[in-house]
Amino acid sequence: MTVETLSALDGAAGGAAAPPAGARQIWRRLRVQRAALAGGVVIVLLVLVALAAPLFAAVEGQDTTTYHSGLLNSAAGAVPYGSFGGVSAQHWLGIEPGTGRDLFARLVYGARTSLGVAIGATVLQVLIGSAFGLAAGLGNRFADGLLSRITDVFVTLPALVFAIALLAVVPSGFPRPVLLALVLGLISWGSIAKIVRVQVLAQKSLDYVAASRLAGSSTWRTARRELLPSLVAPVLTYAAILLPSNITSEAGLSFLGIGVNPPTSSWGQMLSTASTWYQADSAYVLLPAALLFATVLAFTVFADGIRVALDPRAASRLRVGTKRRERVAAVPAGAAADTAAVAVPDAASDDEDGTA
Amino acid sequence: MARFAVRRLLQAVLVLLVLAAVLYAVFYLAPGDAARLACGPKCSTATVAQIREQMGLNDPVYVQFWHFLQGILAGHDYSTGAGTLHCAAPCLGQSYRTGDLVSHIIAERLPATASLALGAMVLWLAIGIGTGLLSALRRGTIVERLLTGFTLVGVATPVFITGILLLLLFCSWLQWLPYPTYVPLTDDPQQWAWNLLLPWLALALVEAAKYARLTRSSMLETLAEDHIRTFRAYGVREGAIVRRHALRGALTPVIALSALDLGTMFGGALLTETLFGIPGLGQQLVQSVQLKDLPVVVGIVLVMGLAVVVANAVADVVYAVADRRVVLT
């Protein structure tokens, strides 16, 4: 987490000091990165699957909760009959050992939980982080000091540990997926806040903001009209990085038995059950593991593509049809030197050739 | 330098205090009656009231928090039915479930966590730095492409997936290794290492990917610096440049990060410990959360917080010592 965080702080905050690129230009820069594009396609497919989960389950003719105990070999410890975990025409990916619940249905519904929690958490992180960052960047010295210290505490905390501890005190009646999104969102917003603060501080001293001030705009109006547009690129970049880490966090918590609990399914929850059965039924482990891996990989690659596409310095190395004028304008963009934490060099910055 | 260290230390203490206050607020003021939790569901109302009095839950919140802090710094005496139970200096309270002192529970669990973290760190530094250097020095070759692919896969795989796959491969399919069970180092060093091999590997593979990326970019950055160019101009051989001059600069961030990660490992190895059944702090935390044993949860989270905060401070100092360009504030 740390390297990624720091590198994102660096890349995001530094890159966006240049004029923001238009949507079409961003698309052009994204299009030439084949790996990122492939990641994007996988993400679109996953989202479709998650949205149409009931449809997929209906086509198969199964649901996530029915026990098919008749298909389990009780003599062998309730492992499914047949090969590959009981794959058949009725159960396309087999059934869960112990209960006989349909795996295909649980996987497609699991996509809903996993993506839903991750997206919800990311939105919350962006909102809280931006609010803290803006307030710290625009506030006076005292407010900045106070808010920055609070942010430091949240950056320093081991997020997973704190999430677990928080989950311990909430009554078990609360809907778990919503709770997970809330907890992850409330804990891991620190790095967004740092990025936004640095960006605001860097922009605040620029002439166009001063001009807006002199023209009589209030602080709030300046923030909204002048500063917010310049925040879009770094915040989007970092949100793209946060999303896969939120997917992993949800899976980890559910894996520990503290996140989503059966009968609700998520990929982490399935792995949690599967990890107790892997000796008897290895097919069950491989399915959610492969999906989770593919998803995180797709999001990671896509996030890297977004970062390159939104960062004029990096994008200029892509040799897309960017105008020379823009490349030159983008050079003096090292406004990121302020962040205390950004001493670690950018871990991913030289992977712009699309291989990473 | 000394002033910087002291300031950094004070800052760390402040962060810990805030953490303790937040934890305390969340846990002891959360919905659910602490006395009821401590007593169990079968207790009568009168017993619960008595326990509430004993635990000091009738005092104002700030008094309770003060007692909590006092316990950590100076110890605490608990009155039990038979007599008093003394809880020595870092006193973090008593488990609701077993009545054991939290500090004892933590001390019991620490060796397993330390075994896992330290062993894994040796492995991940070796793999990560090796891979990173190789791919930086063989830039543009097929080797670099392969290694980049490997690190990307490592970054995208959560540790519990790597762990399960390792178990499947080495224990179920190839049957080269027995299913791991933790053996303390003091009992049998050979069995200790043998049983920890897979957990070490699982953690190390995931972490190594991160280190490989960092080492690679850091090395490339250092090699592009002016003083390296000067060495080249003087005709110093490339191997000597790398060994004598570039490595030192390139590995500074790596060392700082490993200090950070070692700190996090004391809390971040939850998944690995749970998957492999290693009786460390992480496993205890997960179990205590499931039992709603709040004093144990608070105690462990505080210890993990302490580890992280100390590690952060150490990493900053490492930076300041190794890299003079870092401004001390």
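The model shown is predicted, which means the values in this text are computed figures rather than measured ones. Lettering follows sequence order; numbering is per chain, from 1.
- Counting heavy atoms from C-beta on, the side chains of A:Val301 and B:Leu152 come closer than 4.5 Å.
- Within the 4.5 angstrom heavy-atom criterion, only side-chain atoms of A:Leu286, from C-beta onward, approach chain B.
- Among pairs with a residue in residues 137-173 of chain B, those fulfilling ring-ring contact (aromatic ring centres under 6.0 Å, His included) read A:Phe255-B:Phe160, B:Phe170-B:Trp176, at least two apart in sequence or across chains.
- Within the 4.5 Å cutoff, side-chain heavy atoms of B:Leu270 are placed close to those of A:Ile164.
- A:Leu297 CG to B:Thr157 OG1: the interatomic distance, rounded to the nearest 0.5 Å, is 8.0 Å.
- In this structure, the portion of B:Leu165 lying under 4.5 Å from any heavy atom of chain A is its side chain and not its backbone.
- Most heavy-atom pairs under 4.5 Å with chain B, from the set A:Leu256, A:Val285, A:Asp152: that is A:Leu256.
- Across B:Leu14, B:Ile300, B:Val286, the residue that shares the most heavy-atom pairs under 4.5 angstrom with chain A is B:Val286.
- Heavy-atom distances place no part of B:Val254 under 4.5 Å from chain A, backbone and side chain included.
- Minimum heavy-atom separation, A:Ile258 to B:Gln290: CG1-NE2, 4.4 Å.
- A pairwise comparison of heavy atoms in B:Ala156 and A:Val296 identifies O-CG1, 3.4 Å as the closest pair.
- Interface remark: of the candidates B:Val297, B:Ile164, B:Thr215, B:Ile164 forms the most heavy-atom pairs closer than 4.5 Å to chain A.
- Residues B:Ile161 and A:Leu271 share a closest heavy-atom pair of CG1-CD1, 3.8 Å.
- In this structure, chain B has no heavy atom under 4.5 Å from any part of A:Ala274.
- Closest approach of B:Leu271 to A:Gly252, counting heavy atoms only: CD2-O, 3.5 Å.
- Residues A:Ser275 and B:Leu275 share a closest heavy-atom pair of CB-CD1, 4.2 Å.
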